[in-house]
Chemist: 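Have a look at this one before I ask anything.
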Amino acid sequence: MNAADTASQPVVTEPATEARFTGLLGEAKALQPKTVALRRRLHKNPELGLQLPETQAAILAVLADLPIEVTTGDSTTSVVGVLRGSKPGPTVLLRADMDALPLTEETGVQFASQVDGVMHACGHDTHVAMLASAARVLSARRDALAGSVVFMFQPGEEGHHGARYMLDEGVLDAAGARVTDAFALHITSGAESGTLCFRSGPILASTDDFRVTVQGKGGHGSAPHRTVDPVPAAADMVGALQTALTRRVDAFDPAVLSVTKIAAGTTTNIIPETAELQGTIRTLNEETRAQLRAELTRICEHVAIAHGCTAQVNLTTGYPVTVNDPGATDRASRLATGLLGERHVEQMADPILGGEDFSYVLQEVPGTFAFIGACPPGVQPDDAAPNHSNRVCFDESALATGVSMYAAYALDTLR
C-alpha cells in the first residue's frame, strides 16, 4: 500500500503551552478519522473552478450538526460559516480553498480521483478537511471565544479569483462585524511533515500572464524579401524582454518574466503572417509589477516596429502579491512554537514566486498565510513530487497539526 494511503497519527508531541490551548492538539488527533474521511471523499470527487456542487454538499454535511450559521454563495458554490463566541469581541477569518486541477492522477493511492482528467494536486482537499475539523474543535470551545469566527470555504483559487467573488459577496462582514484578522494554511510536500513555515512580508508573488501577437506579411519561404517576417521580430522580443528584466529591475528586487510559448507558421516553405508569444510575469511588489507590465508593452511594440511589423500586447491581470502582516505572522509563529515545539516551526528565508488569491483578503485586513509540510514518509522533501504534479502525495498525519493551528489562531485572536 502507498504510504499516502495510511491515516497515521501525527508524529509531533504536544509541548507545554498556555492553559487555553491545553489538549488542543489531542483534540485534533481525536478528530483525525473524520478529517481523513472528508479529505478522501473530496479527493475521490475533485471539481474545477468556481462551481463545485459536490464539494459544497460535503462541507455542508460535516457542518450540519455544529452551532455554526452557514450561508452559501450566489455567484459561486462557496460556503461561509459563522461561529459566535459566548462574549462580544473581534472577528477572525479562517480560510480553506476547495478546487482541484486539470490533471490525470498517477499516485496509485486507494482513494485516487474518480473523475477523468481532474485531481486534487495542490492539496485543497486537505485544506477543506482541516478547516472543517477546526470548526468542530472551536465549536466545542465557543465559551472561550470573545468574538466570532468566519470560516471561508472558497472555490476557484486556481486562477479563477474565487476569493474576490467572496469578498464582493460580503464574506468579511458575514458575522455582522468587519473581520479584523485572517489566517490561511497551504499544504506542501516540499517540507517535513508536521512543520509550519512562516514568512513576514511578501510570501507569494503577483501573477500576470501575457500574449503578444506579432503581425507581419506572409509569403513564400524562398522569397523573404517580399514578406515582412514576424518570426525574427518575435525572437528579438524574447531577448529584449530578458535584457529589460536584468537592466531595468533592481537586482535585489526579485522578479521573473518568462516567455513560455512561441508559436508561428505551418510548414517549412511558408513565412507566416503572424507569430505569437505567451508567458508570465511574477513580482514581489506592486511597483515592479506595474513597471514590468509597461516595459513588456513598450518593448514588444517597438521591436515590432523595428522589423516593420506591429504587435498587439494582451495582459491578463492575475493575483496581487501576497503580503503577510508582520504582527500577525509573528503571533502565528509563536503560537505554532507553543503548540508543536521549535523543531516543527520554520522561518522562510525567501518568498515563493507562485501566486495565491488569499492576497485579496490580505489587502483588506491584516493576517498571515503559512505553509504546512506534509512530505510523505520515507521521502526527502527535495525528492517528493511537488504540488501541481499528478504524482503528488501528502502525509495525512500532518492534518491534525493544521487543525490545531487553525483553532489556536482563532482562540488567540478571540481571547
Side-chain angles (χ1 to χ4, degrees), residues 31 34-35 37-85 91-101 115 118 120 122-139 142 145 147-179 181-186 319 356-361 364-365 367 402-403 406-407 410:
L31 285 172
K34 287 182 177 291
T35 308
L38 177 58
R39 185 264 165 139
R40 294 186 178 188
R41 174 180 174 179
L42 298 178
H43 195 89
K44 287 181 179 179
N45 301 282
E47 297 174 291
L48 299 172
L50 296 166
Q51 303 301 324
L52 319 175
E54 291 189 24
T55 305
Q56 182 188 62
I59 295 168
L60 294 175
V62 298
L63 298 181
D65 65 330
L66 300 178
I68 291 176
E69 303 163 18
V70 177
T71 57
T72 56
D74 295 325
S75 57
T76 74
T77 53
S78 62
V79 177
V80 176
V82 177
L83 176 65
R84 302 188 187 278
T91 302
V92 61
L93 180 147
L94 306 177
R95 178 270 208 163
D97 40 6
M98 303 157 59
D99 55 324
L101 285 161
V115 182
V118 184
H120 269 296
C122 202
H124 297 183
D125 51 341
T126 70
H127 303 169
V128 171
M130 289 188 290
L131 186 57
S133 287
R136 191 166 295 277
V137 170
L138 289 168
S139 293
R142 65 186 302 193
L145 299 176
S148 300
V149 184
V150 174
F151 301 97
M152 178 182 179
F153 293 94
Q154 178 219 306
E157 190 280 325
E158 296 291 354
H160 299 277
H161 302 265
R164 194 169 64 190
Y165 284 90
M166 294 189 71
L167 289 173
D168 290 344
E169 292 186 359
V171 67
L172 296 182
D173 299 300
R178 186 75 168 180
V179 166
D181 201 345
F183 178 64
L185 282 173
H186 200 300
Y319 298 155
E356 167 60 62
D357 74 347
F358 192 62
S359 54
Y360 290 121
V361 175
E364 300 292 328
V365 297
V403 171
Y406 270 127

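Small disclaimer: the values here were computed from a predicted structure and weren't measured.
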Chemist: Do any N or O atoms from the side chain of Tyr406 and from the backbone of Arg95 form a donor-acceptor pair under 3.5 angstrom?
Modeler: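 Such a contact is found between Tyr406 side chain and Arg95 backbone.
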Chemist: Please name the pair of heavy atoms, one in Leu50 and one in Gly162, separated by the smallest distance, quoted to 0.1 Å.
Modeler: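 Here Leu50 and Gly162 meet closest at CD2-CA, 3.8 Å.
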Chemist: Which pair of heavy atoms, one from Gly367 and one from Asp181, lies closest together, and at what distance?
Modeler: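 Shortest heavy-atom contact: CA-OD1, 3.7 Å.
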Chemist: Does the Ser133 side chain pair with the main chain of Met130, one donor and one acceptor, at a distance under 3.5 Å?
Modeler: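 Side chain of Ser133 to backbone of Met130: no pair is present.
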Chemist: Tell me, do Leu48 and Glu158 make a side-chain contact under 4.5 Å, heavy atoms counted?
Modeler: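 They are not in contact (no side-chain heavy atoms under 4.5 Å apart), so the answer is no.
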Chemist: Indicate yes or no: at least one non-hydrogen side-chain atom of Arg178 is less than 4.5 angstrom from one of Thr91.
Modeler: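 Not touching, per the 4.5 Å side-chain cut-off.
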Chemist: Dump the intermediate steps for side-chain contact (heavy atoms from CB on, under 4.5 Å) on Leu93 and Val365, then the final yes or no.
Modeler: CA-CA 10 Å; Leu93 180 147; Val365 297; over 6 Å; no
Chemist: Please round to the nearest 0.5 Å and tell me the distance separating atom OG of Ser78 and atom CD of Glu169.
Modeler: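 Between atom OG of Ser78 and atom CD of Glu169 there are 5.5 Å.
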Chemist: Would you check, one step at a time, whether the test side-chain contact (heavy atoms from CB on, under 4.5 Å) holds for Ser139 with Leu83?
Modeler: CA-CA 7 Å; Ser139 293; Leu83 176 65; 4.0 Å; yes
Chemist: In Å and rounded to the nearest 0.5 Å, what is the NE2 to CE distance from His124 to Met98?
Modeler: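 If we round to the nearest 0.5 Å, His124:NE2 and Met98:CE are 11.5 Å apart.
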Chemist: side-chain hydrogen bond (donor to acceptor under 3.5 Å, both in side chains) between Gln154 and Asp357: does it pass, once the steps are laid out?
Modeler: CA-CA 10 Å; Gln154 178 219 306; Asp357 74 347; 2.9 Å; yes
Chemist: So does Glu54 get a backbone contact from the side chain of Glu47, meaning a donor-acceptor N/O pair under 3.5 Å?
Modeler: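 Yes; at least one donor-acceptor contact below 3.5 Å.
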Chemist: What do the steps show when you test Thr77 against Gln51 for side-chain hydrogen bond (donor to acceptor under 3.5 Å, both in side chains), and what is the final call?
Modeler: CA-CA 5 Å; Thr77 53; Gln51 303 301 324; 4.7 Å; no
Chemist: Within the 4.5 Å heavy-atom criterion, are Pro155 and Met166 side-chain neighbours or not?
Modeler: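 They are in contact (side-chain heavy atoms under 4.5 Å apart), so the answer is yes.
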Chemist: Could you give the distance from CZ (Arg40) to CG (Asn45), rounded to the nearest 0.5 Å?
Modeler: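 So the CZ of Arg40 and the CG of Asn45 are separated by 14.0 Å.
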Chemist: Got a second to check how far Thr76's OG1 is from Leu52's CG, nearest 0.5 Å?
Modeler: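 So the gap between those two atoms works out to 8.0 Å.
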Chemist: If you take all heavy atoms of Leu145 and Leu138, which pair is closest and at what distance?
Modeler: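 Closest heavy-atom pair between Leu145 and Leu138: CD1-O, 4.1 Å.
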Chemist: Centres of the His161 and Tyr319 rings: under 6.0 Å?
Modeler: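 Distance test on ring centres: under 6.0 Å, yes.
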Chemist: Restricting to non-hydrogen atoms, name the atom on Pro67 and the atom on Arg142 that form the minimum distance, rounded to 0.1 Å.
Modeler: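 Result for this residue pair: CB-NH1, 3.2 Å.
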Chemist: So which atom in Ala182 and which in Phe358 form the shortest heavy-atom distance, rounded to 0.1 Å?
Modeler: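 Looking at all heavy atoms of both residues, the closest pair is CB-CZ, 3.8 Å.
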Chemist: Pair His186, Cys122 - check side-chain contact (heavy atoms from CB on, under 4.5 Å), show working.
Modeler: CA-CA 9 Å; His186 200 300; Cys122 202; 3.4 Å; yes
Chemist: Treating Arg136 as the side-chain partner and Val62 as the backbone partner, does any N or O pair qualify as donor plus acceptor under 3.5 Å?
Modeler: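 Between the backbone of Val62 and the side chain of Arg136 there is a qualifying donor-acceptor contact (under 3.5 Å).
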Chemist: Kindly indicate whether the side chain of Tyr165, heavy atoms from C-beta on, has any atom under 4.5 Å from the side chain of Asp168.
Modeler: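 Counting from C-beta outward, Tyr165 and Asp168 never come under 4.5 Å.
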Chemist: Is any side-chain heavy atom of Val70 closer than 4.5 Å to a side-chain heavy atom of Val80?
Modeler: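 SC-SC contact between Val70 and Val80 ruled out.
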Chemist: Could you tell me if the side chain of Leu101 sits less than 4.5 Å from the side chain of Val118, heavy atoms only?
Modeler: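 Result no, sub-4.5 Å side-chain heavy-atom pair not found.
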Chemist: So which atom in Ile68 and which in Gly81 form the shortest heavy-atom distance, rounded to 0.1 Å?
Modeler: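 Looking at all heavy atoms of both residues, the shortest contact is CG2-CA, 3.6 Å.
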Chemist: Rounded to the nearest 0.5 Å, how far does CG of Leu172 lie from CD of Glu364?
Modeler: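 Interatomic distance, Glu364 CD to Leu172 CG, rounded to 0.5 Å: 6.5 Å.
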Chemist: For the atom pair CG (Asp97) and CG (Asp99), what is the distance rounded to the nearest 0.5 Å?
Modeler: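 Going from the CG atom of Asp97 to the CG atom of Asp99 covers 6.5 Å.
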Chemist: Are Leu131 and Phe153 close enough that some pair of their side-chain heavy atoms sits under 4.5 Å apart?
Modeler: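 Side chain of Leu131 against side chain of Phe153, heavy atoms only: contact under 4.5 Å found.
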Chemist: Does the pair Val92 and Val150 meet the rule for a side-chain contact (heavy atoms from CB on, under 4.5 Å), with working shown?
Modeler: CA-CA 6 Å; Val92 61; Val150 174; over 6 Å; no
Chemist: Taking side chain as C-beta onward, heavy atoms only, is Thr72 less than 4.5 Å from Leu60?
Modeler: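 They are in side-chain contact.
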Chemist: I'd like to know if the side chain of Ser359 reaches the main chain of Glu356, judged simply by a donor and an acceptor atom lying under 3.5 Å from each other, with no hydrogens or angles considered.
Modeler: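 Pair found, side chain donor or acceptor close to backbone of Glu356.
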